[in-house]
Amino acid sequence: MPAGYSFRPRPWTLALAAAACAAGIALGNWQARRADDKRALAENVQSIAVHGVFLPERTVFLDNKVRHHRAGYEVVTPLRLGEGIHVLVNRGWIEAPPRRDQLPPVITPQGPVRVEGLMLPHLPRPMKVGEPQKGPVRQSVELKAFAAETGLPLQAFVIEQHRGIADGLLREWPKPDAGIEKHQAYSFQWYSLAGLAVVLGLVFSFRKRENPPQ
C-alpha cells in the first residue's frame, strides 16, 4: 500500500466498477458464444435439397438486415414437405420500402417447388433474445415457439436457400465460419475492459490519509 494512503472505497466507486465489470463480462460471454456458435455451425453444416409447397400466409420478415448498405428483410417461409411435416426456409433478402408501415411484395411460387440450400440449426439471432415475437416482422424466430404459435410440426433445422427458385430475392449469405476471429477479438476486449474496471475501482479506493489536527 502506498505510504500515506489507506483503503477507503467510496460507495459510488465500487458501484461503477461493479457495473462496468458485469457489463464487460456479459458482453465478453456473448461474443464468445457467437464464436462458438459459428464454429459449431461450420463443423455441422450440410447441403440439402427438398420438395414441397410454400405457405406464403405464414411468411415472416426478419428485420434489420442490411445488404450493400441498404436496409431490408430476410424472408422466412414454411415449406410443407408432405404428411404434415414442415421446415422453415430462409429464402433470401429483399429491400425494405421507404415507409416502415409497409412490407415489400414477395413473389412466392404456387405449387410444388424444389429448394436447395444448407441445413442450419437456427435462424439468425439478435444480441438479446426476449419474449417470442408475433406478427409478420420480427427480429428472429425460434423453432419451438413458432411451431407452438402456428401449429405446424417443424423440423429441428432451417434451410438457408441457395438455389431453386426465380423469386427476385438476393441470396448472398455469409460463410458459416465468417467472423469467428472477430468475435474472439471482441470477447477479449470486453473481458479486458472488465478487468480494467476492477483495477480502476481498487485504485480509486485508496485515499490519502488526513493528518489529525495538532
Side-chain angles (χ1 to χ4, degrees), residues 30 33-34 36-67 71-97 102-179:
W30 174 64
R33 287 194 300 271
R34 293 288 303 277
D36 290 341
D37 287 346
K38 288 190 175 182
R39 189 178 297 107
L41 187 63
E43 292 174 352
N44 296 299
V45 66
Q46 299 180 43
S47 297
I48 189 173
V50 296
H51 293 83
V53 178
F54 278 120
L55 305 181
E57 68 276 10
R58 297 293 190 182
T59 293
V60 172
F61 295 82
L62 300 186
D63 203 359
N64 298 318
K65 305 301 180 183
V66 178
R67 299 289 191 277
Y73 305 96
E74 288 180 10
V75 180
V76 178
T77 305
L79 183 73
R80 179 184 291 123
L81 303 178
E83 299 182 359
I85 303 300
H86 303 75
V87 63
L88 286 185
V89 180
N90 194 347
R91 300 169 53 193
W93 179 89
I94 190 169
E95 187 171 4
Q102 295 178 340
L103 290 176
V106 177
I107 299 173
T108 301
Q110 304 293 319
V113 294
R114 174 184 170 89
V115 174
E116 299 179 30
L118 298 181
M119 292 175 58
L120 303 179
H122 54 73
L123 291 165
R125 289 170 172 168
M127 174 178 176
K128 183 178 180 181
V129 179
E131 293 296 321
Q133 298 174 306
K134 295 185 178 181
V137 179
R138 314 186 187 196
Q139 295 298 317
S140 185
V141 174
E142 294 297 324
L143 292 178
K144 290 184 179 180
F146 192 75
E149 173 191 341
T150 60
L152 299 176
L154 292 176
Q155 296 281 7
F157 61 88
V158 300
I159 297 177
E160 179 184 272
Q161 185 179 346
H162 284 239
R163 301 177 185 174
I165 299 172
D167 51 17
L169 298 177
L170 182 65
R171 300 185 181 93
E172 293 181 356
W173 304 111
K175 294 181 179 179
D177 61 349

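These numbers were taken from a predicted model, which means no experiment stands behind them.
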Val113 side chain reached by Leu79 side chain, heavy atoms, under 4.5 Å: yes

Sub-4.5 Å side-chain heavy-atom contact between Gln155 and Leu81: yes

Residue pair Leu55, His86: steps toward the side-chain contact (heavy atoms from CB on, under 4.5 Å) verdict: CA-CA 10 Å; Leu55 305 181; His86 303 75; 3.7 Å; yes

Gln110 atom CD, neighbour heavy-atom count above 12 within 6.0 Å: no

Heavy-atom pair of closest approach, residues Thr77 and Thr59: OG1-OG1, 2.9 Å

Side-chain touch Pro136/Val60, heavy atoms, less than 4.5 angstrom: no

Rounded distance (nearest 0.5 Å) linking atom OG1 of Thr150 with atom CD of Glu57: 10.5 Å

Pairwise distance CH2(Trp93) to CZ(Arg67) - rounded to 0.5 angstrom: 7.5 Å

Side chain to side chain, Pro124 and Leu62, heavy atoms closer than 4.5 Å: yes

Inter- and intrachain pairs under salt bridge (charged side-chain N to carboxylate O under 4.0 Å, His left out), touching residues 144-157, at least two apart: Arg138-Glu149

Derivation of the side-chain contact (heavy atoms from CB on, under 4.5 Å) call for Val158 and Asn90: CA-CA 7 Å; Val158 300; Asn90 194 347; 5.9 Å; no

Side chain proximity check, Leu123 to Glu74, heavy atoms < 4.5 angstrom: no

Min side-chain heavy-atom separation Val141-Val76 under 4.5 Å: no

Residues which pass side chain to side chain donor-acceptor pair (under 3.5 Å) with Thr108, listed by chain and number, not counting sequence neighbours: Arg91

Parallel, tilted or perpendicular, as decided by the 30° and 60° cut-offs, for the rings of Phe61 and Tyr73: perpendicular

Distance in Å, Leu88 CG paired with Leu152 CG, rounded so as to fall on 0.5 Å steps: 8.0 Å

Intermediate values then yes/no, side-chain contact (heavy atoms from CB on, under 4.5 Å), Trp173 and His162: CA-CA 8 Å; Trp173 304 111; His162 284 239; 3.5 Å; yes

Inter-residue atom distance Arg163.CZ - Arg171.CZ, 0.5 Å rounding: 11.5 Å

Smallest separation among heavy atoms of Ala156 and Leu143, with atom names: C-CD1, 3.8 Å

